[in-house]
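Here you go, one structure.
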Amino acid sequence: MVPGKTTLPMMPLGRGARRKNSQLPRRSRRQPAETGRRFLDLRSGEVDIKHPKVRHETVLPVRAPNLTMQYPQVQINHHYARLWTGHDFYPQFPSFATCSKELKECSGHVFVDSVPEFCLPETELIDLSTVDVILISNYHCMMALPYITEHTGFTGTVYATEPTVQIGRLLMEELVNFIERVPKAQSASLWKNKDIQRLLPSPLKDAVEVSTWRRCYTMQEVNSALSKIQLVGYSQKIELFGAVQVTPLSSGYALGSSNWIIQSHYEKVSYVSGSSLLTTHPQPMDQTSLKNSDVLVLTGLTQIPTANPDGMVGEFCSNLALTVRNGGNVLVPCYPSGVIYDLLECLYQYIDSAGLSSIPFYFISPVANSSLEFSQIFAEWLCHNKQSKVYLPEPPFPHAELIQTNKLKHYPSIHGDFSNDFRQPCVVFTGHPSLRFGDVVHFMELWGKSSLNTVIFTEPDFSYLEALAPYQPLAMKCIYCPIDTRLNFIQVSKLLKEVQPLHVVCPEQYTQPPPAQSHRMDLMIDCQPPPMSYRRAEVLALPFKRRYEKIEIMPEPPPRPAQPTSGKKRKRVSDDVPDCQVLKPLLSGSIPVEQFVQTLEKHGFSDIKVEDTAKGHIVLLQEAETLIQIEEDSTHIICDNDEMLRVRLRDLVLKFLQKF
Amino acid sequence: MDPECARLLPALCAVLADPSQAVADDTCLEKLLDWFKTVTEAGSSLLLLQENPCLVDLLTHVLDLKPQNVSPRVLSFSLCLAGTFAAQEDCFEYLQQGQLLLGLFGEAGPLSWAAWSVPIVRSGWIRGLRSLAQHPSALHFLGDSGAVDALFSLQGDSSLFVASAASQLLVHILALSMQGKAAGSSSLQGSAWPACAQKIVDHVEACLCSTAAPQVTQALNVLTTTFGRCHNPWTEVLWGQLGPLVAHLLENEPIPAAHSLVDLLLSVARSGPRDMAVGGSSSPVFASADCGLWETTARMLSCLSPSQAGPLALGTLKLQNCPQALRSQAFGVLLQPLVCILRATAQAPGPPGVLDETTEGSSMTVDTLLSSKSACVGLLCQTLAHLEELQPLPQRPLHWPQTLLVEAAVIILKLCEGSVAPSSSEGGRLCGALAGCVRVQRAALDFLGTLSQGATSQELMLQVFAVLLETLESPASSPTVLKKAFQATLRWLLDSSLPPSSLDLGLPAPLFLKELFPVLQKRLCSPCWEVRDSALEFLTHLTACWGGEADFREVLLASEVPKLTWQLLRDPESYVRASAVTAMGRLSSQGLQAASESSGHLEVQQGLVGELLHILSVDSEGFPRRAVARVFTEWLRDSHADVARDTEWFVATVLPMVSRDLDWEVRAQGLELVQVFLAQTLGQSSPHCPYVVTLPKASPPSPLPEVLRTLCQLQVFDFAFRALFDCDRPVAQKACDLLLFLKDKTAPCSGLQEPGESSDVTSVEATLQRWQAGEQGQPLSTLEPKEVLAALRSMDLEGLQSRLAESSDHVEKSPQSLLQDVLATVAVLEENVADCY
């Protein structure tokens, strides 16, 4: 039984990527009702320039913290296949006894009991085998990479920075490890039958494209996918087919996270993905290089624009301290990299002041050790403050000191050493934040029954209510402190004022207030000219005119283009070329008017009159009632019904021009 | 003049006149000027100059030297000095004989020098003239020397100080010219004005008619100062003459110098009530009914932009003598933005009367509110601050729309929180502009706090508490917002006149407490020390007021708050530790300290005393130690159970710690503690301690010798004598007061002293003298009551008290010291120069 969500945005660039003709279901990023997906959704968020989509958009919409007089104690229901209470729900669905083994009911909610499945990136719109390049913006955006590189016929190149690849590998490794640890024989498939699904209770009946959901990839597939990645550094210029140049820039969001500049000789497109202007651990966002863009594609804004990360960190610390002081334990479901570094740094400063020095902090993940160590070695990708520590005998992140002083201990799993060291009250950081697999499940069961304990959600990607649903009834306190450091709308408006792109292109959801807070006019992009928005599955023509193109003229005439060969998908551009016609010669040079008039006179034309116009000249052959209009880049011969005369005049004109 | 100063004066003048000897800083020159002013005010300036010819020589020398050779500081000083002397008419004549004044202040003087470009010189010139312009001769001089014209141009000086001083001087000259001309206003009409005054008035008139805004501003500033300072019949004539021109300014679009215009109108209007108070009759300006002031004000209120009209409206409402219609209009202007907010968010629009009055001009207010975020925020902050200022004044409108104002403050806070969903598009835009705006949040919370005193319906009060709780709870609230939210909450809780005992009645405040404490708990754990500090302060105040209420105690003790407060005694931030000490002190006084399951009440209490003693003895920061000393004093005064159990032990433990503390405030607080102890022990209540009679003193006051012996054993005298020579004056003063009190109380005991025992006193006095000389390390032998009594008698405590009452720099402030300082500085500079070579 695997509800949850994750998305892995990437940005493939394709020359002439084919758009498949499909009417995809459209859902808004913040659509509130779709809370019922039971499967991890690994669909690609920012699939391409034509079809970027917000990361983690539809799957488990995140809600703002409840602002009633008191935070509610979350009282939903219990979970997990083996804890299934076995309530009979057949009376409600009498005709679907066939899939009864797949469906479990828990406190009024119906769940699918299955091996975890993942919703893949959008494949309906683009034939991924025609994609030449994929740009990975950050490690959260690459979780679907093995599905693309291993199963779609993709033969292009993938570009990413080194920390993105390394930490991305850790995230995938953790995911595979969590899934493989608890093998389950079969995927549930009967419920996916459309006739059955449409009669299931919401939200199961609302799940889309269930037939495309896949089981998790293996480590072999991960390794194979990662081997196809070409490493790039910030500001490195990568030439793509001589057509465009691509450059990654620091986006300030995560270690190695990038925004991309895609430019030709005369046009510049900036692709802004998850970015942050806050002072956290990564290198600051490079805003200067985004200037002078013709088009700025804006994606990956914060999921929770109303939650200030500083306030949330404060909330996190306060609730953590309150719980531990009362003798309770704190569980923090989280990813093994990212916000956890900042949380540990914050706690490093806070625990002494809060009198929590004696409380152990446990970080449990198959990749915990690698994550903590990797973060210390990517010095060049860190913020300036941390970079400068490289020259000091202290590590950039203070979690090293927490480890040295035994305040922070890390373990690959709850088995082994951890069992011996485990001491309560304590604080545990572990995954998976969806609460559907990983060591977090054990702690939920261990601590869920006591109201002294608290689970604090910090990852913004999951609805805590959805995550907790199968664990109900739950006595432990639940605190929702989503920490999303990505750009909010105020920061976006400052960024756009600073960068001043000619056009902004963004998802439609950013151009209107969130549906649940329609009065919050501040929660939308406000810029001049208004941004161009796109919907899911919409193909958008970028708003710039290609006025110039740099060409190289070879002294030799070019070879005749070969007849297009079928089958080579990468050359799809040529598919659109109409059948070859006899090529007209190309002309160059200019026509000197005086000499031209003399030539005409030699050929027997008289009564020639020349008029100057704004763009050139008009040679008037009054007798023949004919006009020759000579302009910088064109010459027109206008004569009525005298083809002979026209051809004669044309030939005289051509004498002044060179053919090739 | 003091002969010693007169002796030093020639050397000083020589130094000042010597361009090669630079004076270190101009503060000493300012002090010199102050001194000369004092000297000239006390006696004849002419005599001073005649007795000290070096002064005139200095002025002549400055004038004779090529101006570029004189430092601008000395030049400025000389101009001011000459003006100070010339303030007396005979001295003026004396200086004029030598053409000295014309040289210094005339057109051929500094105005033509290169040094004129230095602002300090221009400023000195104006200050000199300001001092000089005190008599009719000066007026003639000003007219003839062209100084008035120069002042006109200086009004637009690049230095704001110079420009302002020029404007002030023009007003002074105008007032001086009109002195004695105020017998009958009719005589001032037309050309009857003195030449100098006429010139200034003409200039002001011309400026008012100018199209250049800076000139209009200058004219308005001159008039504002004039009406602010002078309340004579001629000001009425002046207003009659210039009022129409001022009113004419309102016809321009946009109105030039609107801020200055507002200042002028308020200045004219204010000149009325003050005169009424003094003379009992209407002010000159208001003598004629058609003076047009109110009409102009009314027109201005309606045509100025809302943010410009706000200050005028507030000023108008503060006036005591103002037509009711205008007051209503002004109040309408102030309420307008709030009414617009309520309308835009579809709230109840308040009482009908208010709405009617505020309909006019609402579109302009709405436009401002919606034009941009900064305009919206600026207008709202200004409006809230104005209304907050008006609220406690007796002049505030009789029909104070409490409900409307509370509703507006609540809705503004909700807009800032983003928790209100207005249906109109205006409301949506307001929400966008105000969401997360800390400035407006702070202003609204301050304003809401002041509204707590008014009568508010229970339903509305619920809304107030809900929005306050929302703000306190919100993770997005900044520390300053939280502080203000705590302050506003406290005011509403305490002013809502609903004691917690009414819990069962379902009234808002007690119910609110139950919701509040979890939030308070969370805030006490905040990683931000400011928040922890604000939460502790809130707790302290609330406990002080409601500590005795059963329901409050129940809610408090059921929470983790006392325990968390205790833990904050070890907070790494000293301010928080100090606040925690105060809070724990208060909780303990009320018997509300945390009682853990394992330890009983007594242990907890002893633990707290121990913890506070620990802070007092080892805390490296002064704030927590001061807080402990204050708490101990309070406990002693209120006869806290633990202190009362063994007061002597308590004093004996605390005194050695406070007496050696490095922080003077702790030592002073220690003396305060001793004072309280003495008042209780000597059996006499001090005027500050009315409850002493209720203290649990079963036995009658002990006999005085016995008390003295106890005091000696507790080393009270050691502490007090030592503090008498403390390097910090407040400590010494307090010790002196304390010893005087003791001396007074022990007077009946003087019989204890036997003749021939004076040798003991000698030894004490010798020690005291050594302490006075700074040898504080010298121990005082164990004192006996007799020695103490003898020492008290022999010491001139009264004399010491009066010496200590003088400011600590009274010696250094003497003019002689000043002159010596200036000369010494120059000498040091010379030495340094010699060293260099």
Side-chain angles (χ1 to χ4, degrees), chain A residues 64-71 73 304-328 343 346-357 477 479-483 488-490 493 512-514 516-524 526, chain B residues 345 373 414-415 417-437 462 465-466 469-471 473-479 482 511-512 514-516 518-519 521-529 531-532 535 560 563-564 566-573 576:
Chain A
N66 195 322
L67 292 176
T68 55
M69 295 280 272
Q70 196 170 19
Y71 278 97
Q73 184 94 352
I304 309 119
T306 49
N308 168 298
D310 282 341
M312 286 301 160
V313 170
E315 204 69 4
F316 172 82
C317 290
S318 307
N319 285 300
L320 185 145
L322 259 182
T323 305
V324 174
R325 279 175 173 167
N326 283 332
L343 283 180
C346 185
L347 286 171
Y348 169 78
Q349 293 161 354
Y350 178 67
I351 51 175
D352 286 335
S353 72
L356 304 176
S357 313
K477 285 194 282 288
I479 306 289
Y480 183 57
C481 300
I483 298 169
N488 63 28
F489 290 97
I490 296 171
S493 107
Q512 57 209 17
Q517 293 166 297
S518 56
H519 60 288
R520 292 294 299 266
M521 305 298 282
D522 54 323
L523 302 184
M524 55 185 272
D526 179 21
Chain B
T345 49
K373 181 172 178 162
K414 283 186 176 173
L415 285 168
E417 286 285 336
S419 61
V420 68
S423 50
S424 68
S425 67
E426 289 87 1
R429 286 171 66 184
L430 278 174
C431 190
L434 295 180
C437 180
L462 274 173
F465 284 127
L469 196 64
E470 191 183 338
T471 311
E473 209 170 39
S474 166
S477 294
S478 73
L482 283 174
L511 281 179
F512 177 70
K514 286 197 166 177
E515 304 259 16
L516 178 70
V519 181
Q521 266 171 224
K522 193 177 79 179
R523 292 304 179 192
L524 287 173
C525 292
S526 168
C528 178
W529 72 262
V531 176
R532 300 197 295 273
E560 298 290 322
K563 203 165 127 191
L564 289 169
W566 183 300
Q567 286 173 350
L568 289 174
L569 292 173
R570 299 279 174 103
D571 198 276
E573 182 58 52
V576 179

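Every chain is numbered from 1 and lettered A, B, ... according to where its sequence line falls, protein lines coming before strand lines.
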Original post:
Checking B:Arg523 side chain against B:Ala535 main chain: does a donor-acceptor pair fall under 3.5 Å?
Top reply: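 Side chain of B:Arg523 to backbone of B:Ala535: no pair is present.
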**OP:** Under 4.5 Å heavy-atom distance to chain A, tell me which part of B:Cys431 shows up: side chain, backbone, both or neither.
**Re:**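 Both parts, heavy atoms under 4.5 Å.
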Original post:
Given a strict heavy-atom distance threshold of 4.5 Å, which part of B:Leu415 is in contact with chain A: side chain, backbone, both, or neither?
Top reply: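 Contact with chain A involves no heavy atom of B:Leu415 at all.
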Original post:
Between A:Asn326, A:Asn319, A:Leu320, A:Asp310, which residue shows the highest count of heavy-atom pairs closer than 4.5 Å to chain B?
Top reply: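 Heavy-atom pair counts peak at A:Asn326.
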**OP:** Look up atom CD in A:Glu315 and atom OG in B:Ser474, then write down how far apart they are to the nearest 0.5 Å.
**Re:**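 The CD atom of A:Glu315 sits 8.0 Å away from the OG atom of B:Ser474.
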Original post:
With a 3.5 Å cut-off and no angle check, do the side chains of A:Gln517 and A:Thr306 form a donor-acceptor pair?
Top reply: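 Side-chain D/A pair, A:Gln517 to A:Thr306: absent.
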Original post:
Checking B:Gln521 against chain A: side chain, backbone, both or neither under 4.5 Å from a heavy atom?
Top reply: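 When you check distances to chain A, atoms from both the backbone and side chain of B:Gln521 fall under 4.5 Å.
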Original post:
Yes or no on salt bridge (charged side-chain N to carboxylate O under 4.0 Å, His left out) for B:Lys414 and B:Glu417, after CA distance, side-chain angles and deciding distance?
Top reply: CA-CA 5 Å; B:Lys414 283 186 176 173; B:Glu417 286 285 336; over 6 Å; no
